[in-house]
Structure formats: C-alpha cells, structure tokens
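Values in this document were obtained by computation on a predicted structure and should not be read as measured data. What's counted below: heavy atoms across the whole structure, side chains too, no hydrogens, waters or symmetry copies. Sequence lines set the chain letters: A, B, ... in the order given, protein chains first and strands last, and positions in each chain run from 1.
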2 protein chains.
Amino acid sequence: MEHQHVTALKEAGMKATPKRLAILEALNGLSCYASPEELWKQLRARFDRLGLPTVYRNLEELAESGVITKVIHPNRQLYYYFCHNRDHHHHFVCLSCRKVEDVPSCGIEAMAEVVQQQSGGRVLSHILQLNGVCGSCLRSGAPQ
Amino acid sequence: MEHQHVTALKEAGMKATPKRLAILEALNGLSCYASPEELWKQLRARFDRLGLPTVYRNLEELAESGVITKVIHPNRQLYYYFCHNRDHHHHFVCLSCRKVEDVPSCGIEAMAEVVQQQSGGRVLSHILQLNGVCGSCLRSGAPQ
DNA sequence: TCCTAAATAGAAATGAATTCGTTTTAGAAT
DNA sequence: ATTCTAAAACGAATTCATTTCTATTTAGGA
C-alpha cells in the first residue's frame, strides 16, 4: 500500500518525504475531494510541525505531476481528489457530499443524461473548457 | 444596439441602470474575456463614481441570468465574456490573448482535435466537470 | 557518512472578492 | 408630472484562501 505510493512519487521524480506520503495517504483514505486546510488539520494530529504552505505546495505538485486530481469548484476554493482510474475520463463531483464519480469521455449532453440516470443524482451544471493557445498567438510566438 | 441590451436586461428581470448597461456595453465591445477590475478601470473614465463591488455584483448577476458567460481560468481569477451564440455550445479560450471561440457540443477528444485544426491553435488542457447533487444526497434531502 | 539539491517551517504578505450600513435611483403607480 | 418603493450603487473596511520569503532541515545519491 504505502510502498505503492512511494513508487508513484519516485516515478513522478519527487522525493518520498514522510509528510508528502502522509498527504497522499490521507487523500487516498477519502472517498471524496478535500481542501488543503482540511487535510492540514487532519494531519497536524500526526505531525507536531506541519505547515499549511507545505500542504498547499505538495497538493499542487502532486496534481501537476498527475498523481492526484484538482477539482474546480464554484466556490473558488481548491480541492483535490485521489483518483485511481488511469483511463482517460472525467468527473461528476457532488457539491453537497463531495463524492466523485468517474465519467467516461463522450458527448457532454448525453453524458450528463447518462450520469443522472445511473447515479440517481442531478446534474445542475457542467464546465467544459478547452485551455490552450489560439492560432494567432502561436504564430506570433506568444507564451505557451 | 443599446436598446437591444435594455431588452435583454428586462427579459432577465433586471433594471436597466446606466452602469449595468455600460458594463454590458463594455463587454460587448470586447472580443475577449475581461476581469471585473479591468472593466472597472475602463468604466471609471466615464463614471466619476463607480464602485468595484458594483462591477463584481453586476457581472455575477448577468452571468447568473445567462446574459454573459463566466470563464474558468487556471489562475483562479474571475473573467467574463459576452457571447452572442444562443445555441448550446462551449468555449475555447486562449490563455494568452483571451480570445474566445465557440465550440459545438460533441465528444471532447474529437472536439479538441477539431478546434486545433480549425483554429490553428493548440489545446493544452481541458476542463470537463459536471456539477450537481449525487443520488444519495438527493434522497437525503441535502441542499440543492 | 557526506553532501547537496529538494523540501519544510512559519510568520508575513498578498490581493481578489465580499460585506455592510447608507445613499441613490429606476420605473411602476398614482 | 409626481410619488413611492424595492432595487441598485457606494466605498471603506474586511475577509481569508493562497502565496511569498528566508532560514532551517532532510532525503537519498555519491
């Protein structure tokens, strides 16, 4: 279990520090997404010295390297989720209980309908946004 | 032109105040998304008294009623865009020049490919997130 | 066991966004 | 045209999630 996470970190080129591992374990033990502060409060019980910036930094780095997933929330806070699904997919996140359900990549309207029927939940809104650099910027050598 | 916006506001059940109209006009005059503060700075030249909270409030209300579109940005700032496309669609937003291109709703992978080829740009990442309430929350009467 | 780049602490700063009590105003009613 | 009232705006002050900074510690290769 734990060694598996050590390996995941090594593969991502990150040192397997106790605190980094603990953050990963804590997320792994949750079935929902969590905020940096929540994880910090939970982990402070185990580490007498643990800075909140350390939690922020690690979560961001872990998300950056693809080990965990960042959740975009309407309240504009940061949340993270440990998703084991290695296939390309998307998420149905519950704004109420924070549960995360995997959604295969497909037509978004049909997707919303299927998710609603399969989960018994209600899709209130969706975010679909492609980020990148447009053609004219690419040609003008604007920052990537 | 302007009367068209007055009508749009009335239809949304909002008073057509000069400042609200000006905010809408300012967004309409842009071919890209803008931040509340940018719009505020631009409009302060025309109104000796214009509070930044007023801009924030109006943009949020206009987005809420569907008159304008909120852009979700990796830098976590708020941006808004005046989109005239009434059909259901999504957006390809350029992180560099802020240009917004409409994207029809379809399979997201194929979509990214089509957008890249048609725009000559580069899709670096995408956000696809369904927000809502899951089945168990619905059944337990959790907040919508 | 060294050594060094990476990681952490923790106080302080940041700054986008919001709150709040007051004042003003759009637009319906008269 | 005038009155009235709920909606809108003001703007200083505040909030608070997130980040920065410099000194200190540590993981893990040599």
Results of salt bridge (Lys or Arg N to Asp or Glu O under 4.0 Å) for [X] - residues two or more places apart only:
{"X": "Glu37(B)", "value": "Lys41(B)"}
{"X": "Glu60(B)", "value": "Lys70(B)"}
{"X": "Glu113(A)", "value": "none"}
{"X": "Arg98(A)", "value": "Glu38(A)"}

Please give the angle, rounded to 10 degrees, between the axes at the start and the end of the helix from dT1(C)-dA30(D) to dT30(C)-dA1(D), where five pairs define each axis.
-> 40°
Taking only residues two or more places apart in sequence or in another chain, which ones pass ring-ring contact (aromatic ring centres under 6.0 Å, His included) with Tyr56(B)?
->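 Testing Tyr56(B) for ring-ring contact (aromatic ring centres under 6.0 Å, His included), a comparison that skips the adjacent residues, returns none.
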What is the ring orientation for Tyr33(B) with Tyr79(B), classed by angle as parallel under 30°, tilted 30 to 60°, or perpendicular over 60°?
->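 Judged by the thresholds at 30° and 60°, the geometry between Tyr33(B) and Tyr79(B) is perpendicular.
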Taking the six-membered ring for Trp, are His91(A) and Tyr81(A) parallel (under 30°), tilted (30 to 60°) or perpendicular (over 60°)?
-> perpendicular
Rounded to whole Å, please give me the gap between [atom1] in [X] and [atom2] in [N].
{"X": "Tyr56(B)", "N": "dA12(D)", "atom1": "OH", "atom2": "C1'", "value": "16 Å"}
{"X": "Leu21(A)", "N": "dT26(D)", "atom1": "CG", "atom2": "C1'", "value": "14 Å"}
{"X": "Leu78(B)", "N": "dT18(D)", "atom1": "CG", "atom2": "P", "value": "13 Å"}

Opening and closing nucleotides of DNA chain C in contact with chain B, under 4.0 Å to non-hydrogen atoms | dA16(C) to dG27(C)
Does anything in residues 31-41 of chain A reach DNA chain C, meaning a heavy atom under 4.0 Å, and if so which residues?
-> none
Can you find a pair of side-chain heavy atoms, one from Gln4(A) and one from Thr7(A), that are under 4.5 Å apart?
->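 No, too far: nothing below the 4.5 Å cut-off.
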When the side chains of residues 10-18 of chain B are checked against the rest of the protein, which donor-acceptor pairs come out under 3.5 Å, sequence neighbours left out?
from     : atom 1 : to       : atom 2 : distance (Å)
Thr17(B) : OG1    : Arg20(B) : N      : 3.2

State the CG-OG1 distance between Leu59(B) and Thr69(B), to the nearest 0.5 angstrom.
->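 Between Leu59(B) CG and Thr69(B) OG1, I get 12.0 Å after rounding to 0.5 Å.
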When every nucleotide of nucleotides 5-10 of chain D is labelled 5' to 3' by its protein contacts under 4.0 Å (heavy atoms), B for base, S for sugar-phosphate only, - for none, what sequence of letters results?
-> -BBSBB
Salt bridge (charged side-chain N to carboxylate O under 4.0 Å, His left out) pairs, two or more places apart, involving residues 125-137 of chain A | none
Assess whether side chain to side chain contact (heavy atoms under 4.5 Å, CB included) is satisfied between Ile68(A) and Leu24(A), documenting all intermediate values.
-> CA-CA 8 Å; Ile68(A) 64 176; Leu24(A) 206 47; 3.8 Å; yes
Taking only residues two or more places apart in sequence or in another chain, which ones pass side chain to side chain donor-acceptor pair (under 3.5 Å) with Asp87(B)?
-> none
